[in-house]
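Just so we're on the same page: letters track the sequence lines, and every chain starts at 1.
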Amino acid sequence: MELNDLQAQRLTKLERLRAKGINPFPARSNRTHTIAAALTAFETLAATGELVTLAGRIIGARRVMGKLAFTHIADDQGSIQLWLSRGEIGDELFTHFRDDLDTFDIVQVSGSLRRTQKGEISLFVKHLHVLTKALNPPPEKWEGLKDVEGRLRQRYLDLLVNEERRDIFRLRAKALIAMRRFLDERDFVEVETPILQPLYGGAAARPFTTHHNQLHQDLYLRIATELYLKRLIVGGFSGVYEIGKDFRNEGVDRSHNTEFTMMECYQAYADYRDMMLLTEQMVRFIAQEATGSTVVTYQDQAIDFGPDWARISLVEALKEATGLDVLALPDLATLWEATLAAGLKKVERKTTWAKQVDELFSTFIVPNLIQPTFVLDYPVELSPLAKRKAEDPQLTERFEVYVGGMELANAFSELNDPLDQEQRFLEQGRALAAGDDEAHQMDADYLNALMYGMPPTGGLGIGFDRLVMILTNQPTIREVILFPHLRAREEG
RNA sequence: GGGCCGGUAGCUCAGUGGUAGAGCAUCGGACUUUUAAUCCGUUGGUCGUAGGUUCGAUCCCUACCCGGCUCACCA
């Protein structure tokens with residue numbers, strides 16, 4: 001290990017501790033209070049003058065004035081000032097504090113709680129010993145650690161120095177618990193399905209591929225849990241859910257991470273209208289539990305999950321925004337001609353009709369969907385796993401939820417007709433052969449499951465990271481993922 | 001993948017074709033009520049990497065690496 005000057009100085013101090021017979025990394029600590037608990041109980045503790053033992057990391061500067069010294073220590077939930085007097089603790093301990101310890105070292109301190117003359121609650125130290133010597137120095141005192149790459153590559157330091165970062169992940173944990181509780185209370189069973197899959201499906205995405213050596217079998221990291229969860233509905237469960245990582249071999253941007261956390265749930269004897277109610281209630285509940293309110297601020301806009309969410313039809317919204325009736329323009333060529341004829345700028349030409357419709361939707365509708373909005377009834381070509389609408393077989397019983405201009409959820413009445421499903425897979429297979437590397441694979445075992453009969457079922461997927469982005473007002477997904485994917489850095 | 005911007009001390013950042021700068025931190029000294037302590041002094045650099053141009057490159061050029069923004073991709 002090559003050390004810079006500051007690290008070398010700290011190592012020298014560490015060796016000095018050892019030379020004095022002091023273990024710089026002792027196994028045991030025995031605090032009587034967390035810092036937060038000590039502060040809460042201050043009046044009582046100060047009145048009795050009892051000995052309080054705290055443990056924490058030295059943060060900020062050590063202000064040493066010859067015969068008196070101040071510093072602050074912090075643990076997870078609080079910080080407190082230490083007051084050290086050479087006269088009180090003696091030359092040896094005072095010098096030990098001054099010469100052997102550094103900012104970021106972790107110490108155990110005992111003493112009594114009082115206020116200083118300036119009024120700050122402080123621990124008047126009688127005993128002090130090191131619990132952990134820190135060899136790396138802290139970043140700058142006031143600017144802190146700002147460099148994005150530095151923060152993400154050393155998330156531990158980011159969390160340590162930028163305290164509010166820990167709040168994001170505490171809130172994330174609360175939201176996760178709330179999501180589970182909401183589903184558990186409605187008798188959904190939490191399950192775990194394979195991450196390594198011989199076939200991938202359930203979404204339009206390119207997968208990661210890996211290999212099982214012993215079995216000589218290629219495997220895919222799942223891009224969705226959908227097809228396994230619906231097998232469980234066939235298997236007799238009336239409701240199941242899974243919260244876990246999906247993996248998609250695609251680009252990374254502010255709302256996409258290579259691996260991300262998805263909640264999918266399926267409910268027998270429900271349809272997509274039931275799932276709309278479930279979605280509204282779930283997100284409302286999570287927002288309330290995690291933030292204390294159903295109104296959150298996202299990028300300077302108040303977003304209210306409280307009232308019934310707006311519902312718009314995809315086809316109608318496109319008609320309003322662009323004047324195009326995509327259902328009356330049922331192939332790529334005529335749709336593209338009409339797009340040009342309508343003088344619509346900023347629209348790219350796509351390779352399939354379905355993708356062209358999606359391009360129009362992404363360009364003209366999505367950016368304006370700030371408040372939570374259900375977008376209903378997607379063309380069947382875009383939705384190979386969703387049931388057709390009885391009154392219009394070109395469309396499916398499907399919705400997506402958009403919030404803050406971002407897709408948050410996707411749901412449909414699940415296609416349970418194995419013959420129709422087979423045709424959809426075949427159509428996807430033709431797209432795959434034609435070069436659409438995100439098209440679905442044929443899943444014969446899934447069709448076999450459907451042939452035993454899957455009850456009418458509603459399914460829902462929610463991008464959990466994106467929900468946390470909204471709840472914590474974070475502009476990028478990597479700020480709500482502890483260790484987002486970064487390119488490997490070559491060692492110099 | 002394209003465009004634009006960036007990478008200089010532990011951290012936050014200036015800067016110049018001619019010996020590399022500041023603040024904070026560190027280190028040494030003074031100091032018994034500090035809290036961005038103060039005062040005096042001090043250390044610290046493959047200037048992202050590799051080539052090229054040049055008498056001389058951290059600076060100019062080229063390629064590459066890493067990151068940011070953005071577009072594309074990603075329902």
Scan [X] against the nucleic acid and name what it touches under 4.0 Å (heavy atoms): base, sugar-phosphate only, or nothing.
{"X": "A:Arg254", "answer": "sugar-phosphate"}
{"X": "A:Ala354", "answer": "nothing"}
{"X": "A:Arg478", "answer": "sugar-phosphate"}
{"X": "A:Glu140", "answer": "base"}
{"X": "A:Gly150", "answer": "nothing"}
{"X": "A:Val64", "answer": "base"}
{"X": "A:Glu438", "answer": "sugar-phosphate"}
{"X": "A:Asn136", "answer": "nothing"}

Is the shortest side-chain N to carboxylate O distance from A:Glu92 to A:Lys20 below 4.0 Å?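 No salt bridge links A:Glu92 with A:Lys20.
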Parallel, tilted or perpendicular, as decided by the 30° and 60° cut-offs, for the rings of A:Phe361 and A:Tyr402: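 If you compare the ring of A:Tyr402 with that of A:Phe361, the planes turn out perpendicular.
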So, the side chain of A:Arg155 versus the backbone of A:Phe483: is there a donor-acceptor pair under 3.5 Å, distance only?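 No, A:Arg155 side chain to A:Phe483 backbone: no donor-acceptor pair under 3.5 Å.
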Nucleotide nearest [X] when distance is taken to its side chain, options [options]:
{"X": "A:Ser85", "options": "B:C66, B:U32, B:A36", "result": "B:U32"}
{"X": "A:Met65", "options": "B:C74, B:C66, B:A37", "result": "B:A37"}
{"X": "A:His256", "options": "B:C13, B:C74, B:A37", "result": "B:C74"}
{"X": "A:Leu68", "options": "B:C27, B:U33, B:U12", "result": "B:U33"}

Strictly by Watson-Crick or wobble contacts shorter than 3.5 Å, is anything paired with [N], and which nucleotide is it?
{"N": "B:A72", "result": "none"}
{"N": "B:U19", "result": "none"}
{"N": "B:C64", "result": "B:G48"}

Less than 3.5 Å between a donor and an acceptor, one on the side chain of A:Arg63 and one on the base of B:A36, is that the case here?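 Under the 3.5 Å cut-off, the side chain and the base do not form any donor-acceptor pair.
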In whole angstrom, give the distance that lies between atom NZ of A:Lys146 and atom C1' of B:G7.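 In whole Å, B:G7 C1' lies 16 Å from A:Lys146 NZ.
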In a check of salt bridge (Lys or Arg N to Asp or Glu O under 4.0 Å) between A:Lys13 and each of A:Asp105, A:Asp102, A:Asp99, which one passes?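 So, applying the salt bridge (Lys or Arg N to Asp or Glu O under 4.0 Å) to A:Lys13 and each of A:Asp105, A:Asp102, A:Asp99, only A:Asp102 qualifies.
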